[in-house]
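The structure follows.
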Amino acid sequence: MSAPLEINEGQSTIRPPLFNGKYYSLWKARMEGFLIAEDYELWTIVNQGPLIPTKQNAQNEIVPKDPSEFVAVHYRMMGKKAKAKKILICGLGPDEYNKICVCCNAK
């Protein structure tokens, strides 16, 4: 990877680094640092996936909880997931966003 000649956007401490389709390794390292600095749990959510509130049903199966069963800690976890997603989406240029907007998961 050669060094970028000029980086016009994404060098802010309050805006996530912008990925425009070039220099992915640089963007990846900067996005990791940005997420960790924002809130370390956000980086954990990106790496391991979101924590989904679950319960054990009558057949001893683990199933997602109904939203009516959520408590404050569940909303906090889902808020962190939403924040991580927002930062990642805001770090993409329009062409890159169009490539991934129809995807159901990160894989």
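Scope of the values below: all heavy atoms of this structure, side chains included, with no hydrogens, waters or symmetry mates.
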Worksheet item: Looking only at heavy atoms, which two atoms of Leu42 and Glu38 are closest? And how far apart?
Response: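 What the structure gives for the nearest pair is CD1-CG, 3.8 Å.
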
Practice prompt. Check whether any side-chain heavy atom of Lys55 sits under 4.5 Å from a side-chain heavy atom of Ile62, and report yes or no.
Written response: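 When only atoms from C-beta onward are counted, Ile62 and Lys55 do not touch, as no gap falls below 4.5 Å.
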
Item to complete: Following the transitive rule for hydrophobic clusters with a side-chain heavy-atom cut-off under 4.5 Å over Ile, Leu, Val, Met, Phe, Trp and Tyr, establish whether Ile36 and Phe19 coincide in one cluster.
Response: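 Hydrophobic grouping puts Ile36 with Phe19.
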
Discussion item. With a 4.0 Å cut-off on N to O distance, would you call Glu41 and Arg76 a salt bridge?
Written reply: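 Salt bridge present between Glu41 and Arg76.
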
Practice prompt. Before giving the answer on side chain to side chain contact (heavy atoms under 4.5 Å, CB included), spell out for Val63 and Thr54 the whole-Å C-alpha distance, their side-chain angles and the decisive distance to 0.1 Å.
Written response: CA-CA 5 Å; Val63 296; Thr54 59; over 6 Å; no

Item to complete: Output all residues satisfying side-chain hydrogen bond (donor to acceptor under 3.5 Å, both in side chains) with Gln48, sequence neighbours left out; order by chain, then residue number.
Response: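 If we apply the side-chain hydrogen bond (donor to acceptor under 3.5 Å, both in side chains) test to Gln48, skipping adjacent residues, there are no hits.
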
Worksheet entry | Spacing of His74 atom NE2 and Ile52 atom CD1 [to the nearest 0.5 Å] |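 Here the interatomic distance stands at 11.5 Å.
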
Discussion item. Does Lys28 have more than 12 heavy atoms from other residues, nucleotides or ligands lying within 6.0 Å of its NZ?
Written reply: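 Not more than 12 within 6.0 Å, no.
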
Worksheet item: So, Trp43 side chain and Glu32 main chain: donor-acceptor pair closer than 3.5 Å or not?
Response: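 The answer is no, because no donor-acceptor pair under 3.5 Å joins these two groups.
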
Practice prompt. Give, for atom CE of Met31 and atom CG of Leu18, the distance between the pair rounded to the nearest 0.5 Å.
Written response: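 Between Met31 CE and Leu18 CG, I get 8.5 Å after rounding to 0.5 Å.
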
Worksheet item: Any link between Ile45 and Phe70 through a network of hydrophobic side chains (Ile, Leu, Val, Met, Phe, Trp, Tyr) touching at under 4.5 Å?
Response: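 Different hydrophobic clusters.
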
Worksheet item: Is Asp66 reaching over with its side chain to a backbone N or O of Glu69, donor-acceptor style, under 3.5 angstrom?
Response: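 No; zero donor-acceptor contacts below 3.5 Å.
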
Worksheet item: Is Lys85 atom NZ crowded by more than 12 heavy atoms from other residues, nucleotides or ligands, each under 6.0 Å away?
Response: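 Counting neighbours around NZ of Lys85, 12 or fewer heavy atoms of other residues, nucleotides or ligands fall under 6.0 Å, so no.
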
Worksheet item: Using links of under 4.5 Å between side-chain heavy atoms of ILVMFWY residues, direct or through other members, which residues join Leu51 in one cluster?
Response: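 In the cluster with Leu51 are Met77.
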
Show the atom names and distances, to 0.1 Å, of all donor-acceptor pairs under 3.5 Å that link a side chain in residues 87-102 to residues at least two apart or in another chain.
unit_1	atom_1	unit_2	atom_2	d
Glu96	OE2	Lys99	NZ	3.4
Asn98	ND2	Pro94	O	3.3

Discussion item. Would a single hydrophobic cluster contain both Tyr40 and Phe34, if residues Ile, Leu, Val, Met, Phe, Trp and Tyr are joined by side-chain heavy-atom contacts under 4.5 Å?
Written reply: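 Hydrophobic grouping puts Phe34 with Tyr40.
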
